[in-house]
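Order of listing sets the numbers, starting from 1, for every ligand and every atom in it. No hydrogens, no waters, no symmetry mates; every other heavy atom, side chains included, goes into these values.
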Amino acid sequence: MSKAAGDAVHVPVMLNEVIEALGARGGGMFLDCTFGGGGHTRAILDASPDSWVVAMDRDARALERGSQWASAYGDRLDLVHAPFSKVAEAAGGRVFDGVLADLGMSTDQLVEGRGFSFADTGPLDMRMDESAGMTAADFVNTSSEREIFLALAEGGVGKNARAIARTLVFHRPFSSPKQLADAVKASQLGKRSQSHVHPATVVFQALRMHINDELGEVKKLLEAAPSAVKQGGKLAIITFHSVEDRAVASRMREWESAGSYPANWRGIRAEKRIGRVVNKGAEKPSDEEVSRNPASRSARLRVFQFGESF
Ligand SMILES: C[S@@+](CC[C@H](N)C(=O)[O-])C[C@H]1O[C@@H](n2cnc3c(N)ncnc32)[C@H](O)[C@@H]1O
């Protein structure tokens with residue numbers, strides 16, 4: 001099949017699992033918090049003619065690409081430029097049958113020369129929203145060794161985080177991702193989990209998460225989610241990093257057991273829970289999907305159904 005205008009290179013992960021989890025074949029109002037290449041949004045819209053999607057992304061380029069085909073869905077698709085921290089404004093008072101977040105970055109962002117790939121020789125940027133915040137070059141070239149260490153440690157770099165921070169401070173300034181990746185490689189401090197994985201992979205992931213405050217954003221999404229989902233509706237979150245997966249899992253467990261009610265909760269207040277965790281443990285992509293799309297290998301899907309009558 002030839003590529004159409006606005007088509008993305010990103011391959012959506014766990015597509016069928018998401019459609020099933022959200023009950024999208026039955027139609028309804030959905031919020032896709034991570035539009036990206038639009039793969040999940042399209043699948044939700046195609047699953048039923050009675051589906052509507054509000055799709056948000058903090059990356060204007062993703063929405064620009066999507067806008068080239070969005071009109072084919074008429075008023076069934078609404079694209080909104082917003083980060084998770086503005087989810088309530090993006091929802092505009094609407095409540096949804098299903099809310100999806102497919103965290104991390106898209107393949108399109110990786111190949112656009114925006115500093116996410118360690119092969120890039122262009123600017124060391126790494127911002128998903130290019131209109132706001134500090135670039136990775138600003139951060140690595142001007143922050144203290146301790147600030148860099150903390151960012152690397154929070155992003156899961158492990159026991160070498162301190163030594164890598166020292167190396168980066170010694171070799172800076174960096175103007176391109178390739179320079180930074182080469183410095184990590186030469187130091188032999190990067191984590192090499194598999195032989196074909198570049199030793200700077202985890203360092204890049206940690207820097208990207210820091211520059212985009214990804215963990216902080218996920219926590220804000222988890223704050224807003226109970227007010228955005230209808231009684232009986234579902235929240236589905238796909239993570240690619242154990243730090244994020246732990247944050248999602250523990251928040252869902254808390255909702256199931258402790259009952260933290262949002263101010264505008266319309267249901268009857270149960271003593272304890274505001275819903276149930278669907279599937280104990282995270283769902284993983286099938287072996288078939290991982291061999292077809294290796295980028296899916298670390299995906300973990302967790303689903304929560306809101307409503308106190310479970
Ligand atoms: C893994 S991709 C989503 C791919 C999409 N599900 C698809 O099928 O094509 C993640 C997307 O979420 C966006 N994103 C990440 N963090 C975000 C945040 N805090 N707020 C809004 N969008 C975010 C990124 O810009 C990226 O486009």
Side-chain angles (χ1 to χ4, degrees), residues 3 6-19 21-22 24 30-47 53-70 77 79-91 98-112 114-117 125-133 155 205 208-225 228 235-241 243-245 247-248 285 289 293-301:
K3 267 174 77 68
D7 272 0
V9 293
H10 185 83
V11 178
V13 306
M14 303 187 77
L15 206 50
N16 288 330
E17 291 88 340
V18 165
I19 295 301
L22 295 178
F30 298 92
L31 173 65
D32 182 351
C33 301
T34 50
F35 177 72
H40 287 110
T41 286
R42 264 178 162 158
I44 292 169
L45 288 166
D46 292 343
V53 177
V54 176
M56 28 182 292
D57 204 294
R58 72 196 321 196
D59 183 352
R61 290 206 215 188
L63 299 170
E64 204 179 296
R65 235 187 345 262
S67 67
Q68 296 185 49
W69 52 261
L77 174 57
L79 297 179
V80 184
H81 184 216
F84 298 160
S85 41
K86 299 268 166 56
V87 86
E89 290 95 317
V99 172
L100 168 68
D102 171 21
L103 303 179
M105 70 172 164
S106 70
T107 314
D108 296 273
Q109 290 168 325
L110 186 68
V111 300
E112 277 167 342
R114 296 163 59 178
F116 294 107
S117 161
D125 190 317
M126 286 198 185
R127 289 171 304 165
M128 291 178 179
D129 180 350
E130 293 164 295
S131 68
Q205 188 178 35
R208 191 202 79 212
M209 288 177 74
H210 180 78
I211 292 303
N212 295 289
D213 186 23
E214 291 182 38
L215 192 57
E217 281 283 309
V218 172
K219 287 180 179 164
K220 285 173 191 154
L221 175 65
L222 291 167
E223 285 301 316
L235 169 68
I237 302 191
I238 301 172
T239 62
F240 291 83
H241 193 290
V243 175
E244 287 178 339
D245 184 52
V248 171
E289 177 167 2
N293 177 19
S296 70
R297 67 187 173 279
S298 44
R300 299 291 177 266
L301 170 67

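Of the candidates R114, R127, R65, R114 is the only one forming a salt bridge (charged side-chain N to carboxylate O under 4.0 Å, His left out) with D59. Checking each of Q205, M128, H241 against E214 for a side chain to side chain contact (heavy atoms under 4.5 Å, CB included) leaves exactly one that passes, namely M128.
Closest non-hydrogen pair, A55 versus T41, comes out as CB-OG1, 3.7 Å. Of all non-hydrogen atoms in A47 and A24, the two that sit nearest each other are CB-O, 3.9 Å. Scanning all heavy atoms of the two residues, the minimum distance from A43 to L15 falls at CB-CD1, 3.7 Å. Contact record, S296 with V13: CB-CG1, 3.7 Å, taken as the closest heavy-atom pair.
At a 4.0 Å heavy-atom cut-off, the residues surrounding ligand 1 are H10, P12, C33, T34, F35, G36, G37, G38, G39, H40, D57, R58, D59, A82, P83, F84, D102, L103, G104, M105, S106, Q109, M128, E217, listed by chain and number.
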